[in-house]
Amino acid sequence: EVQLVESGGGSVQAGGFLRLSCAAPGFTFDDYGIGWFRQAPGKERERVSCISDSAYWPTYGDSVRGRFTISKDNDKNMVYLQMNGLKLEDTAVYYCAAGPGDCSDWVVDHWGQGTLVTVSS
């Protein structure tokens, strides 16, 4: 069965960094886009990043581009999100997500349980 499991969340001061991991067994990166969403308190869920072997390059949301980097390990079925230069507004629950498509046409149908990232001053 397909299951997404995130890890790596925690509390960090502004300007710091964290690396999130998502175990995605059962997915193939040529058939699926796998990536990250986040949801901050009082805000709607926001697409953060997506990666796929069928896409020329990963995609990033405007608010994280240049600071966050998504990567994957096909052999281990793992997806990572390196978050540098964290800001207070990055505080959110981060969800690993997967679905058919190539990120430009991505229909998420699997969600992880979420991992909390808290950025403090």
Side-chain angles (χ1 to χ4, degrees):
E1 293 183 336
V2 174
Q3 184 178 5
L4 301 175
V5 181
E6 308 99 325
S7 62
S11 181
V12 65
Q13 288 191 306
F17 56 89
L18 284 172
R19 189 194 194 202
L20 305 183
S21 299
C22 174
F27 290 96
T28 56
F29 292 112
D30 57 346
D31 292 332
Y32 291 88
I34 306 178
W36 301 87
F37 283 73
R38 69 183 183 184
Q39 188 165 25
K43 296 184 178 180
E44 295 183 352
R45 186 173 292 177
E46 175 189 13
R47 180 175 171 174
V48 175
S49 186
C50 178
I51 192 167
S52 172
D53 285 349
S54 297
Y56 285 109
W57 50 72
T59 61
Y60 295 94
D62 291 341
S63 61
V64 307
R65 188 176 296 108
R67 298 186 297 119
F68 292 7
T69 303
I70 191 170
S71 61
K72 61 182 176 65
D73 186 328
N74 289 31
D75 292 335
K76 297 181 179 179
N77 286 94
M78 295 288 294
V79 178
Y80 307 96
L81 185 69
Q82 180 67 45
M83 306 184 295
N84 297 330
L86 285 163
K87 303 175 180 180
L88 267 61
E89 53 264 39
D90 293 321
T91 295
V93 177
Y94 285 72
Y95 298 91
C96 188
D102 60 1
C103 296
S104 64
D105 185 13
W106 192 31
V107 181
V108 174
D109 56 9
H110 290 82
W111 297 90
Q113 82 288 346
T115 185
L116 177 63
V117 173
T118 302
V119 184
S120 61
S121 61

Joint hydrophobic cluster, Leu18 plus Phe37, side-chain heavy atoms closer than 4.5 Å: no
Going by heavy atoms in the side chains, are Thr59 and Arg47 under 4.5 Å from each other? yes
Taking the hydrophobic residues Ile, Leu, Val, Met, Phe, Trp and Tyr, and joining any pair whose side-chain heavy atoms are under 4.5 Å apart, which ones share a cluster with Tyr80? Met78
Under 4.5 Å between side-chain heavy atoms, counting indirect links through other Ile/Leu/Val/Met/Phe/Trp/Tyr residues: same cluster for Phe68 and Ile34 or not? yes
Quick one, Tyr60 and Ile70 - any side-chain contact, counting heavy atoms below 4.5 Å? yes
Let me confirm one number: the OG-NZ distance from Ser52 to Lys72, rounded to the nearest 0.5 Å. 7.5 Å
With respect to Glu6, which candidate in Val93, Leu81, Val79, Thr115 satisfies the side chain to side chain contact (heavy atoms under 4.5 Å, CB included) definition? Thr115
Any side-chain heavy atom of Val117 sitting closer than 4.5 Å to one from Met83? yes
So, the side chain of Thr28 versus the backbone of Asp30: is there a donor-acceptor pair under 3.5 Å, distance only? no
Which heavy atom of Cys103 sits nearest a heavy atom of Gly33, and at what distance? SG-CA, 4.4 Å
So, Arg65 and Asp62, do they make that salt bridge, N to O below 4.0 Å? yes
Going only through I, L, V, M, F, W and Y residues with side-chain contacts under 4.5 Å, is there a path from Leu116 to Val12? no
Which atom pair, heavy atoms only, marks the closest approach of Ser63 to Arg38? OG-NH2, 3.1 Å
Can you confirm whether Arg45 sits close enough to Trp111 that some side-chain heavy atom of one is under 4.5 Å from a side-chain heavy atom of the other? yes
Is it true that a side-chain atom of Thr118 and a backbone atom of Thr91 form a donor plus acceptor pair closer than 3.5 Å? no
When you group the ILVMFWY residues by side-chain heavy-atom contacts below 4.5 Å and let the links chain together, are Tyr95 and Val64 in the same group? no
Grab the two heavy atoms, one from Asp90 and one from Gly85, that are nearest each other, plus how far apart they are. OD2-O, 4.4 Å
Within a radius of less than 6.0 Å around CD of Gln13, do more than 12 heavy atoms belonging to other residues, nucleotides or ligands occur? no
Between Asp105 and Asp102 (side chain of the first, backbone of the second, donor and acceptor by atom type, cut-off under 3.5 Å), is there such a pair? no
Going hydrophobic residue to hydrophobic residue with side-chain gaps under 4.5 angstrom, can you get from Leu4 over to Tyr32? yes
Looking only at atom types and distance, does a side-chain atom of Asn77 sit under 3.5 Å from a main-chain N or O of Phe27, one as donor and one as acceptor? yes
